[in-house]
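Order of the sequence lines sets the chain letters (A, B, ...), proteins ahead of strands, with each chain counted from 1.
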There are 2 protein chains.
Amino acid sequence: MDQVEVFKALSNKTRLMILQWLKEPELNFPPQDRDMKEVGVCVGQIQCKAQLTQSTISEYLSVLQRTGLIESTRIGQWTYYKRNEAACLELKQLIETSI
Amino acid sequence: MDQVEVFKALSNKTRLMILQWLKEPELNFPPQDRDMKEVGVCVGQIQCKAQLTQSTISEYLSVLQRTGLIESTRIGQWTYYKRNEAACLELKQLIETSI
DNA sequence: TAGGCATATCGGGAAATTCCGATATACATT
DNA sequence: AATGTATATCGGAATTTCCCGATATGCCTA
C-alpha cells in the first residue's frame, strides 16, 4: 500500500466523502433492490449525491479503487462500489504506526 | 483540523518523510548543539537529508506547519522544526474514526 | 437488431502543485 | 557599517489535478 498514493486519493473533498458515505451505505443512499452491504452502491446514486458529472464520479471511483480502498462489482448494466474494509483497516494501522 | 488539507500536505513523498524523520530526530539527523527533542531540527539539516533546494524545503515546512502537525522555533539565525505530537495524535484519532 | 440506459474512457481548459533560481530578510560577527 | 550565514519569499516553467462535455462500450429490452 503506497501511502503517498492513498493520501493523494483522499486529498480531494469529494473522494473523501465517497469513502465515508460508503461506510454506512443504507444511511447515505436511498433504498435499492440489492443489498448495499453485500454488493455496494451503484455509480448513479453516488453521482447524484456528489453533485458532479457522471464522468467525474466514474473517474474518482477509479482513483479510489486503484488504492484498493474500494472495490466494484458489475451486475447487468450497473457497477456497484463498496468499501474494502480490510484495506481500510490496513491503511488505518499503517497511519497509526507511520505518522 | 481540515482532513483534506492534511491529506494534501501528506500526499507528497518528501513532506511525508520529513514528518516521519521528525518522529525520532536524533536517529535521523546528525548531532547538534541544542536538544532535538526539545527544540527540533533546523532547516539546513532537513534540507541536507531531503536533497532538495533550500527554498523548496522551506516551503514544504511551511505547508506542514500550516496543518499544525509541526511547529517552529526561531533561535538566532536558525529555525528549528519539530512535531506537534498532540496534533499528530489528533489526526490519527480523526482518521481512525472517519475513514 | 435497434434503441435506451449505465458506466467508462477520451480530450481538454483551468487551476493547483512541484520544484527551481533569484532575491529579500534577519541575525551574527568583524 | 560591512560581510557572512540561515531562512523566507517571489516569480516562473513544467507537471499534475480538477472537472467538464463528447463519445465509446456494454448490457438490456422491445
Side-chain angles (χ1 to χ4, degrees), chain A residues 2-19 21-22 25 29-30 32-34 36 39-67 69-82, chain B residues 2-19 21-22 25 29-34 36 39-67 70-82:
Chain A
D2 180 343
Q3 273 189 91
V4 171
E5 285 311 306
V6 173
F7 285 138
K8 269 186 201 163
L10 300 183
S11 68
N12 172 280
K13 191 174 192 314
T14 303
R15 288 193 299 261
L16 185 58
M17 291 308 296
I18 291 173
L19 189 65
W21 291 336
L22 291 178
F29 299 96
Q32 63 180 23
D33 290 351
R34 306 193 170 270
M36 286 185 189
V39 78
V41 181
C42 73
V43 178
Q45 294 297 332
I46 298 170
Q47 187 213 334
C48 182
K49 178 128 183 153
Q51 294 280 79
L52 289 174
T53 63
Q54 184 271 320
S55 60
T56 298
I57 295 305
S58 178
E59 168 156 8
Y60 283 5
L61 289 167
S62 290
V63 170
L64 285 172
Q65 185 168 31
R66 235 172 283 134
T67 66
L69 295 174
I70 68 173
E71 55 195 4
S72 68
T73 315
R74 179 103 199 199
I75 299 179
Q77 40 194 336
W78 291 273
T79 308
Y80 295 89
Y81 284 90
K82 68 170 178 179
Chain B
D2 180 344
Q3 273 190 92
V4 171
E5 285 312 305
V6 173
F7 284 139
K8 268 186 201 163
L10 299 183
S11 68
N12 172 281
K13 191 176 194 312
T14 302
R15 288 194 299 261
L16 186 57
M17 291 307 295
I18 291 173
L19 188 66
W21 290 336
L22 291 178
F29 298 96
Q32 63 180 19
D33 291 351
R34 306 192 170 271
M36 287 185 189
V39 78
V41 181
C42 73
V43 179
Q45 294 297 332
I46 298 170
Q47 187 213 334
C48 182
K49 178 128 182 153
Q51 295 278 80
L52 289 174
T53 63
Q54 184 271 320
S55 61
T56 298
I57 296 305
S58 179
E59 168 157 9
Y60 283 5
L61 288 168
S62 290
V63 170
L64 285 172
Q65 185 168 30
R66 234 172 284 132
T67 66
I70 68 174
E71 55 196 4
S72 68
T73 316
R74 179 101 197 199
I75 298 180
Q77 40 195 334
W78 291 274
T79 309
Y80 296 90
Y81 285 90
K82 69 170 177 178

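Side-chain contact check for A/Phe7 versus A/Val4: every heavy-atom pair is 4.5 Å or farther apart. For the pair B/Ile46 and B/Phe29, the minimum side-chain heavy-atom distance is below 4.5 Å. Side chains of A/Trp78 and A/Gln32 form no contact here, defined as non-hydrogen atoms less than 4.5 Å apart.
Between A/Arg74 and C/dA8 there is no side-chain N or O to OP1 or OP2 distance below 4.0 Å. Of the side-chain N and O atoms in B/Thr79, none sit less than 4.0 angstrom from OP1 or OP2 of D/dA6. One finds no side-chain N or O of A/Thr53 lying less than 4.0 angstrom from the OP1 or OP2 phosphate oxygen of D/dC19. For the OP1/OP2 pair of D/dC20 and a distance below 4.0 Å, the side-chain nitrogens and oxygens of A/Tyr60 include no atom meeting the criterion. One finds a side-chain N or O of A/Thr56 lying less than 4.0 angstrom from the OP1 or OP2 phosphate oxygen of D/dC20. Between A/Asn12 and the phosphate of D/dT17, there is no side-chain N or O to OP1/OP2 separation shorter than 4.0 Å.
Which of C/dA6, D/dC20, D/dT17 sits closest to the side chain of A/Ser55 comes down to D/dC20. The listed nucleotides are C/dA6, D/dT7, C/dA8; the one nearest the side chain of B/Ser58 is D/dT7. For B/Gln77, whose side chain is taken as the heavy atoms from C-beta onward, the closest listed nucleotide among D/dC28, C/dA8, C/dA28 is C/dA28.
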Derivation of the side-chain contact (heavy atoms from CB on, under 4.5 Å) call for B/Leu64 and B/Leu22 | CA-CA 12 Å; B/Leu64 285 172; B/Leu22 291 178; over 6 Å; no
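Judged purely by atom type and a 3.5 angstrom limit, B/Arg34 has no side-chain atom pairing as donor or acceptor with the backbone of B/Gly40.
Separation of atoms CD (A/Gln77) and CD1 (A/Ile75) is listed at 12.0 Å; rounding is to 0.5 Å.
Counting distance only, with no hydrogens placed and no angle test, the side-chain atoms of B/Gln54 and the base atoms of D/dA8 include a donor-acceptor pair under 3.5 Å.
A residue-by-residue look at A/Gly76 and A/Arg15 shows that A/Arg15 has its nearest nucleotide of DNA chain D further toward the 5' end. With DNA chain C read from its 5' end, the first of the two nearest nucleotides for B/Glu5 and A/Leu61 is the one closest to A/Leu61. Residue whose closest nucleotide on DNA chain D sits further toward the 5' end, between A/Glu59 and B/Glu59: B/Glu59.
Between B/Met17 atom CE and C/dT18 atom C1' there is a gap of 18 Å when expressed in whole angstrom units. As rounded to whole Å, 14 Å separates atom P of C/dT18 from atom CZ of A/Phe7. One can place CD1 of B/Ile46 at 14 Å from P of D/dA6, the figure rounded to the nearest angstrom. Rounded to an integer number of Å, the gap from A/Arg66 CZ to D/dT16 C1' is 13 Å. D/dC28 atom C1' lies 15 Å from atom CG of A/Asp33, rounded to whole Å. Look at CD on A/Gln45: it is 16 Å from P on C/dC5, rounded to the nearest Å. What separates CD1 of B/Ile57 from C1' of C/dC20 is a distance of 12 Å, to the nearest Å. When the P atom of D/dT16 is taken as reference, atom NZ of B/Lys13 falls 16 Å away, rounded to whole Å.
Using a 4.0 Å heavy-atom cutoff across all strands shown, B/Tyr81 reaches sugar-phosphate atoms only and no base atom.
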